[in-house]
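Written below as structure tokens is the structure these notes are about.
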2 protein chains.
Amino acid sequence: MVAAIKSGKSGSRGEPEKTRAAILKAALEEFAHEGVTGARTDEIARRAGVNKALLYYYFKDKEGLYAAALDQVFSGLHERVASVLERPDLPPRERLLLYAQTHFDYIASAPVYPRLVQREFMRSAGRALSPAASRIMERHGKPLYSRLEKLIEEGISAGDFRKVDPIQTVTSIIGTIVFYFISMPAQHFMHAGDPASPERIAARRAAVLDFICAAIFTPAAAQKVCKP
Amino acid sequence: MVAAIKSGKSGSRGEPEKTRAAILKAALEEFAHEGVTGARTDEIARRAGVNKALLYYYFKDKEGLYAAALDQVFSGLHERVASVLERPDLPPRERLLLYAQTHFDYIASAPVYPRLVQREFMRSAGRALSPAASRIMERHGKPLYSRLEKLIEEGISAGDFRKVDPIQTVTSIIGTIVFYFISMPAQHFMHAGDPASPERIAARRAAVLDFICAAIFTPAAAQKVCKP
DNA sequence: TATTATTAACTAACCAGTTAATTAATGGTT
DNA sequence: AACCATTAATTAACTGGTTAGTTAATAATA
């Protein structure tokens, strides 16, 4: 099989980054489908096509593997969304719309992502989250949330948005964007056909943007943005 | 423990219905917090204050116990919501509002419910749902969903609602109602204080109704309903 | 005495994590 | 340009703790 990659370390056999990536991908899917406790390490190894011991070689734990999967999803979202939220050139109405599109498209690119995140969001009411999950939420979750709240406040000041409760509104927006995807198995059950098909996703996208605009924009702001 | 109830069957010791109910309640909480696979039957028995073997005596399986818990939550919702959806005396705008309030209040009465349901909604992408879950969804999920879709259509015809896609809109509405509750641990993490406190719930309730109305109602319909 | 409710103790399967051995590449030494 | 020590990557097979589910005995009621 062709030439070997110029691996940095000495004594490296095979293609470790590829192996690592394969494990991470398999873990992501298994965790999203089955949950942390429901996921089986044997199954993850099987999906990745590697020996189970490699999971523990690359990632300490099952929990460590989970944290890595969660971190990848969250940092990917953060990266994309943060850049559009920091665009002072755009008025709040357009920034919000662009955010919603970006968030939606990121999720749509891998419909399994939000289920992983939602599973984390649902984790344990009374008890605390795992240290790893806390760090991820601290680094990615909180900044995003508070940045969005600030955006709502700016929009209200600018007269783009109705006078709504910023905190509650952010929750409603995210819920609208995300709910279709985290309920996909149910969607599949309710309506025939594949809910992840491009046409269905496109329909959902349009509906989400329309719903959010109508819910938040003032009539004046609504007129200014042409609905794509 | 006063006088014993007049139990129907002969040879009955203790109070079986109470025991059954205690098990079901404990199971409901454990399943909602930990998921089906994460839930521990020993823990359910401990919480219910009964011997573990009783779980298998009253409910066949762990899966059977889960199905019973899910059924209770779903049928409770169905019962309450169906009655308000079948009120031809109310115009669509008021019926929708009443539905949203009813759904919200049902969930708020036991904030653990929607997490149980959401866990089921997320279950397995490719594979099918369990037979028991399928039956429950068939009996409660589908009727509710299609009744809501019909309501949206009626509202559009009546000029109460904007011209929206009924199917997508139902998903958005449910998402808005439910998302706060299924993300409670995350809410707790993002904002200090108890997200299940009466004040927070009240604030959420007002915001949800406002969000939904603004998103769906035509200006004319919005004026007709006074926001409570 | 038959039936129902309840329990303590047991078991068999499952599954996260380990270990010890193996294979391959690298780089330095002659 | 052959050799070999070192290190990284990978595996088959094993282990020990956990946990869903069982069983056989027992207590209470009718």
Side-chain angles (χ1 to χ4, degrees), chain A residues 1-28 30-31 33-70 130 132, chain B residues 1-28 30-31 33-70 130 132:
Chain A
M1 44 170 66
V2 291
I5 33 76
K6 37 185 164 183
S7 54
K9 298 285 176 179
S10 83
S12 131
R13 169 158 72 123
E15 288 162 298
E17 3 272 290
K18 266 197 185 175
T19 310
R20 211 191 120 99
I23 293 171
L24 201 53
K25 191 191 168 199
L28 219 137
E30 175 77 357
F31 281 133
H33 289 337
E34 311 296 336
V36 197
T37 51
R40 299 292 157 232
T41 54
D42 292 87
E43 177 63 16
I44 295 175
R46 201 194 56 76
R47 279 207 210 200
V50 302
N51 187 278
K52 186 172 59 148
L54 281 188
L55 314 197
Y56 301 90
Y57 180 72
Y58 286 104
F59 311 89
K60 214 188 332 278
D61 260 333
K62 189 191 193 185
E63 194 69 28
L65 182 51
Y66 171 71
L70 196 66
S130 71
Chain B
M1 44 179 67
V2 289
I5 34 77
K6 37 185 166 182
S7 55
K9 296 287 175 179
S10 83
S12 132
R13 169 158 72 123
E15 288 163 297
E17 2 272 288
K18 269 196 182 174
T19 311
R20 210 191 121 99
I23 293 171
L24 200 53
K25 191 189 167 199
L28 218 137
E30 176 77 357
F31 281 133
H33 288 338
E34 311 296 337
V36 199
T37 50
R40 298 291 157 233
T41 54
D42 291 270
E43 176 63 15
I44 294 175
R46 201 194 57 74
R47 280 206 209 201
V50 301
N51 187 277
K52 185 172 60 146
L54 282 187
L55 313 197
Y56 300 91
Y57 179 72
Y58 285 104
F59 311 88
K60 214 187 336 274
D61 259 334
K62 188 191 193 186
E63 195 70 27
L65 182 51
Y66 171 70
L70 196 66
S130 71

Interatomic distance where [atom1] belongs to [X] and [atom2] belongs to [N] [whole Å]:
X       : N      : atom1 : atom2 : value
A:Tyr57 : C:dT22 : OH    : P     : 18 Å
A:Arg20 : D:dT10 : CZ    : P     : 13 Å
B:Phe59 : C:dA5  : CZ    : C1'   : 14 Å
A:Glu34 : C:dA16 : CD    : P     : 12 Å
B:Glu15 : D:dA27 : CD    : P     : 20 Å

Heavy-atom closest pair, residues A:Ala69 and A:Phe31: CB-CD1, 4.5 Å
Side-chain N or O of A:Thr19 closer than 4.0 Å to phosphate OP1/OP2 of D:dT10: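 Yes, within the criterion.
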Side chain to side chain donor-acceptor pair (under 3.5 Å) partners of A:Arg40, counting only residues at least two apart: none
Letter per nucleotide, 5' to 3', of nucleotides 11-23 of chain D [B base touched, S only sugar-phosphate touched, - untouched; heavy atoms, 4.0 Å]: BB------SBBBB
Touch class at under 4.0 angstrom, heavy-atom based, for A:Tyr58 against every strand present: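 Answer is sugar-phosphate: A:Tyr58 comes under 4.0 Å of backbone atoms only.
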CG-NE2 distance between A:Leu28 and A:His33, expressed to the nearest 0.5 angstrom: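 Separation between the atoms: 10.0 Å.
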Atom pair CD1/CG of B:Ile23 and B:Asn51 - distance to nearest 0.5 Å: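 Interatomic distance, B:Ile23 CD1 to B:Asn51 CG, rounded to 0.5 Å: 9.5 Å.
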Check ion pair B:Arg20-B:Glu17 (N to O, under 4.0 angstrom):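 No, B:Arg20 and B:Glu17 are not salt-bridged.
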Contacts of B:Lys62 that satisfy salt bridge (Lys or Arg N to Asp or Glu O under 4.0 Å) - sequence neighbours left out: none
